[in-house]
Protein chains: 2
Amino acid sequence: MSNQAAILSGCESMREILDIQKQLLPDLVDTMKKRYTILHHIMISGLVGRRTLALSVGATERVLRAEVDFLKEQGLIEVEASGMRISGAGKELLERLEPLVKDLFGLAELEERIRSHFGLKQVIIVPGDSDVSPHTKKELGRAGASVLRKLVGENETVAVTGGSTMAEVAYHLAPATPMKGCWFVPARGGLGESVELQANTIASTMAKKAGGRYRLLHVPDHLGEEAYQSLMQDSHIAEIIAFIRGARIVVHGIGEAMVMARRRKVDPETTESLRRDGALAEAFGYYFDRDGNILHKMPTIGLRIEDIHGMDHVIGIAGGKSKGESIASVLKHGHEDVLVTDEAAAWEIVNHLLS
Amino acid sequence: MSNQAAILSGCESMREILDIQKQLLPDLVDTMKKRYTILHHIMISGLVGRRTLALSVGATERVLRAEVDFLKEQGLIEVEASGMRISGAGKELLERLEPLVKDLFGLAELEERIRSHFGLKQVIIVPGDSDVSPHTKKELGRAGASVLRKLVGENETVAVTGGSTMAEVAYHLAPATPMKGCWFVPARGGLGESVELQANTIASTMAKKAGGRYRLLHVPDHLGEEAYQSLMQDSHIAEIIAFIRGARIVVHGIGEAMVMARRRKVDPETTESLRRDGALAEAFGYYFDRDGNILHKMPTIGLRIEDIHGMDHVIGIAGGKSKGESIASVLKHGHEDVLVTDEAAAWEIVNHLLS
DNA sequence: GCTTGATTGGACATTTTTCGTCCCAGTGCT
DNA sequence: AGCACTGGGACGAAAAATGTCCAATCAAGC
């Protein structure tokens, strides 16, 4: 926990700067990490040879040689015929680098830990806590948009859910060539919430931002059985729903079960049943308990859970300390591929999986 | 002056981070500047084409195209068939970049201003004020060492002076291949000062740090005429002095005339004569007035002014607000090639040349 | 003192990236 | 319709990065 405190206490402007720089120089962090790692290894080893070093940092001899030449050029190491060692300037630099690296690597380690534990393809953590800082929520949106932009192929269909986080993602989405022909559709109907947070709105915003097209689904999310059946008769609606179910990518937020139930105006007895069963999280209309089991099955308009399971990319985006547990339960369900979250939630998640 | 205040008030940690990063990624700042310039131009232009833009930022069409592709990839600009314009994310980034750029460009502009006004080859300004921050003085030393390392060729002789700044340069000097065979020599005798700040000490430290060799000159700096003559009879000393005068590079500090006179224990009547003539600065044993004229000519052991004038590289290193005027007068003398100073002194210099 | 196993730095062919230079199909304004 | 722009594709030359050896050298152990 002290580790956590230390990381969270890092200078705020540092993250701001790094974040800005990452946009102008995406591989800045990678390069810095690489060179730091090498320099650090050299310091630890004392006097070490090129091949030995290449082996231990996992680089081919030739590329490491280029790096070593660079470090030598910068005067950070001294290289003699018997090997290389760190120089005074190098040692000083390493010390000054420490806070920076702690930050950079800290998050990277967290990402890897969560990724491997839940068997995800990718985890992205932005610094901060969405609960307390609107800025962090924006970063979350930016990161989410960036992931989506990289994952989406040509002429694909992307299903999205609602929520304030997803709205942020939509806002930060930028055009990319492969996205031109894409369709954005709501994962579900969901007219319960305020307009700007509805899945329909998000889908259309995304399409506009990304230069793609969209189709909407204007039906309430919760329906009685008979209303459901009659709606499905409508060929127009049925066709759109089939279209939605053909999506290969879904981007969704994650919410706290009880908060979502209230916001969606779920009827009292269902709410009570959810509470009894220990509902913790909500995602794409489903409720999950602590262990990732789906609790409540209602007639659903839009994506079914089996559609989700068959997807190419399931991207969950949510942050804030308060949502940590919820995120963990959805991850336990086991069908997520990519998680985008913030530092506070990430720490909650790892704390959760320790207990 | 408000500009100056704004720049000086920039977040301290920002400079620290940038400084660290520059060591691991030397062309980071250049790349950032380049991309910022392009992005900024795009914003100003509104809707602009590739070729037009290439012309206005001074890049060939092909490299600008690569940059544009990158910016598009990052979602910072939107490019249509009719041209490209900045995106929302791009605009936001530019705003967030502003303080960073102000800093980066601010110093760069200062450098260029001083460089062109005095006809120097290169000016390097490190942020801060050596008078108040020891850290800035260290940076000054690091920058000086870096310049020296880049300028020095093989088997060359480098003459150095004494002083605390030069000591810092020596401390930060790191080995470089072409420096292996170099000689470091004191520009003058100068036994007047404390040992660790003497030119002899500096020269030997530099040689040790750089992996080069050194020769020393153990004679007092100020001598009577007859003592001078008798010393020059000594073949040993005469040979070393000839060696020193063969140097093609000199690295020297710059001091305030009166401070130096006192420290060197110049006799009272000479001191008074200096004061009468308006001595302002001291460098490599010579005293300069406000207009860069040499004031005091005494029998000198070591480099003569005509040696300096014939050098390949004359590198002046000094910082601190209090030294601004002195630096300006030495620059006015007109035989400097490279100046390494700090922000506070740089502002003093430009203020000085305005009045 | 000699051998052994490590080191760096040089050399070179190969692959990858970058860059300069055209050209072509559009777009918007006149 | 004409014109002055636009982005993007294509292609070869040039440069940089990289994989793969090898020679000279150093340190240590025997």
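Side chains are part of it too, since the values below use all heavy atoms of this structure and drop only hydrogens, waters and symmetry mates. Each chain gets a letter, A, B and so on, in the order its sequence line appears, and its residues count up from 1.
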Side-chain N,O (B:Lys72) to OP1/OP2 (D:dG8) below 4.0 Å:
yes
Check ion pair A:Glu156-A:Arg248 (N to O, under 4.0 angstrom)
no
A:Asp69 atom CG is separated from C:dT8 atom P, nearest whole Å, by 11 Å
Can you tell whether the side chains of A:Glu16 and A:Lys22 come within less than 4.0 Å, N to carboxylate O?
no
Check this for me: does any side-chain nitrogen of one of A:Glu78 and B:Lys208 sit under 4.0 Å from a carboxylate oxygen of the other?
no
Nucleotide nearest A:Arg65 when distance is taken to its side chain, options D:dC21, C:dG20, D:dT18
D:dC21
Output the rounded distance in Å from CZ (A:Arg50) to P (D:dA24).
17 Å
Please find the pair of heavy atoms, one from A:Glu80 and one from A:Arg85, that lie closest to each other, and give the distance.
OE2-NE, 3.2 Å
Taking atom CD as the centre, does A:Glu98 end up with more than 12 heavy-atom neighbours from other residues, nucleotides or ligands that are less than 6.0 angstrom away?
no
Out of C:dC19, D:dG19, D:dG8, minimum distance to the side chain of B:Arg62 belongs to C:dC19
The nucleotide from C:dG20, C:dG9, C:dT8 with an atom nearest the side chain of B:Thr60 is C:dG20
Whole-Å distance, A:Glu80 CD to D:dT25 P, equals 17 Å
Atom-to-atom span, CG of A:Leu53 to P of C:dA6 - whole angstrom
15 Å
Do the side chains of A:Arg50 and A:Glu67 get close enough for a salt bridge, i.e. N-O under 4.0 angstrom?
no
Using a heavy-atom cut-off of under 4.0 Å over every strand shown, decide if B:Val68 touches base, sugar-phosphate, or nothing.
nothing
Looking for any heavy atom pair under 4.0 Å, which part of the strands does A:Val48 touch: base, sugar-phosphate only, or nothing?
sugar-phosphate
Closer to the 5' end of DNA chain D via nearest nucleotide, is it A:Ser82 or B:Ser82?
B:Ser82
Starting from P on C:dT18, measure out to NZ on B:Lys34 and report it in whole angstrom.
10 Å
Considering only C:dT27, D:dG7, D:dC21, which nucleotide approaches the side chain of B:Ala81 most closely?
C:dT27
Report the distance from atom CG of A:Leu64 to atom P of C:dT8, rounded to the nearest whole Å.
9 Å
Rounding to an integer number of Å, can you tell me how far B:Leu55 CG sits from D:dT6 P?
10 Å
Side chain to side chain contact (heavy atoms under 4.5 Å, CB included) for B:Met311 and B:Ile249? Distances and angles first, verdict last.
CA-CA 6 Å; B:Met311 292 247 175; B:Ile249 297 184; 5.5 Å; no
Between P of D:dG7 and CG of B:Leu71, the distance in whole Å:
13 Å
Roughly how bent is the helix from C:dG1-D:dC30 to C:dT30-D:dA1 end to end, in steps of 10 degrees, with each end axis from five pairs?
30°
Has the side chain of B:Arg51 got a donor or acceptor that lies under 3.5 Å from a partner of the other kind on the base of D:dG7?
yes
